[in-house]
Visitor: 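I am attaching a structure below and will ask some questions about it afterwards.
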Amino acid sequence: MGRERRWPSGTGILRIADDTAGSGPGIPLEIAASYGTRRRGLLGRDGISGAMLLTPCNAVHTLGMRFAVDVAYLDAELRVVARHTLPPHRLALPRPRARHVLEAAAGAMEEWGVRPGVRLLVEQRD
């Protein structure tokens with residue numbers, strides 16, 4: 001195991017590493033890596049197109065949020081440790097093995113094939 005990857009806040013593309021078709025357009029990704037961007041997260045929004053990666057992070061909440069989100073907890077190698085849907089105004093328990101959290105609109109991760117055991121790839125744009 002090497003040094004853990006860190007990204008700056010910005011945008012990117014999310015891909016499923018285990019997807020043999022991996023040449024598709026990918027999933028638009030917002031990367032929240034600073035304290036301020038992680039703290040703000042999806043608060044104050046009516047939805048999200050694509051996903052948001054909170055890094056480093058091992059717990060989230062939906063207090064004050066306007067919509068339900070799918071939450072995937074990722075380990076240091078971006079393998080999905082757990083995934084669940086969190087309705088607004090809830091607090092999720094921390095996942096000790098998680099190093100990053102991926103959030104998307106409720107139902108999106110099922111469509112994308114994001115489930116426990118799947119490894120993800122992040123391509124930084126800016």
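Note: hydrogens, waters and symmetry copies are ignored here, and every other heavy atom, side chains too, is used.
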Visitor: At their closest point, which heavy atom of A51 faces which heavy atom of L102, and how far apart are they?
Guide: CB-CD1, 3.7 Å

Visitor: Counting C-beta onward and ignoring hydrogens, is there a side-chain heavy-atom pair between V80 and L74 closer than 4.5 Å?
Guide: yes

Visitor: With a 4.5 Å limit on heavy-atom distance, are the side chains of M65 and L43 in contact?
Guide: yes

Visitor: Nearest 0.5 Å, what's the CE-OG1 distance between M52 and T37?
Guide: 7.5 Å

Visitor: For residues 87-98, which side-chain donor-acceptor pairs fall under 3.5 Å, sequence neighbours excluded?
Guide:
| residue | atom | partner | partner atom | Å |
| --- | --- | --- | --- | --- |
| R90 | NH1 | P88 | O | 3.2 |

Visitor: Flag yes if L42 and L86 sit in one hydrophobic cluster, no otherwise; membership is Ile, Leu, Val, Met, Phe, Trp, Tyr, and two members link when side-chain heavy atoms are under 4.5 Å apart.
Guide: yes

Visitor: If you take all heavy atoms of S34 and S9, which pair is closest and at what distance?
Guide: N-OG, 3.1 Å

Visitor: Between R79 and V118, is there a donor-acceptor pair closer than 3.5 Å when you use the side chain of the first and the backbone of the second?
Guide: no

Visitor: Looking only at non-hydrogen atoms, find the nearest pair between I27 and G50 and report the distance.
Guide: CG2-CA, 3.9 Å

Visitor: Any chance you could lay out the salt bridge (Lys or Arg N to Asp or Glu O under 4.0 Å) test for R45 and E30, step after step, and finish with the verdict?
Guide: CA-CA 14 Å; R45 297 188 189 190; E30 295 178 45; 2.7 Å; yes

Visitor: Sequence neighbours left out, cut at 3.5 Å: what donor-acceptor pairs do the side chains of residues 103-116 make with other protein atoms?
Guide:
| residue | atom | partner | partner atom | Å |
| --- | --- | --- | --- | --- |
| E110 | OE1 | R83 | NH2 | 2.8 |
| R115 | NH1 | G113 | O | 2.9 |

Visitor: Which value, rounded to the nearest 0.5 Å, describes the distance between F67 atom CZ and I48 atom CD1?
Guide: 6.5 Å

Visitor: So, for L14 and V122, which heavy atoms are closest and what is the spacing to 0.1 Å?
Guide: CD1-CG2, 4.1 Å

Visitor: Would a distance-only check, ignoring hydrogens and angles, find a side-chain to backbone donor-acceptor pair under 3.5 Å from R99 to D75?
Guide: no

Visitor: Treat each ILVMFWY residue as a node, draw an edge where side-chain heavy atoms are under 4.5 Å apart, and state whether V101 and V69 are in one component.
Guide: yes

Visitor: When hydrophobic residues are tied together by side-chain contacts of less than 4.5 Å, even through go-betweens, does L29 share a cluster with L120?
Guide: yes

Visitor: In the structure I gave you, are the side-chain heavy atoms of R38 and P56 within less than 4.5 Å of one another anywhere?
Guide: yes

Visitor: Donor-acceptor pair, T55 side chain versus A33 backbone, under 3.5 Å?
Guide: no

Visitor: Can you name the closest pair of heavy atoms from Y73 and N58 and give their distance?
Guide: CE2-O, 3.6 Å

Visitor: I need the minimum non-hydrogen distance between C57 and L54, along with the two atoms involved.
Guide: CB-O, 3.4 Å

Visitor: Would R15 and E123 count as a salt bridge (Lys or Arg N to Asp or Glu O under 4.0 Å) here? Give the steps.
Guide: CA-CA 8 Å; R15 298 186 191 280; E123 297 172 11; 2.6 Å; yes

Visitor: How many angstroms lie between atom OG1 of T85 and atom CG of D70, to the nearest 0.5 angstrom?
Guide: 4.0 Å

Visitor: Please tell me if the side chains of I31 and T11 come closer than 4.5 Å, counting only heavy atoms from C-beta onward.
Guide: no

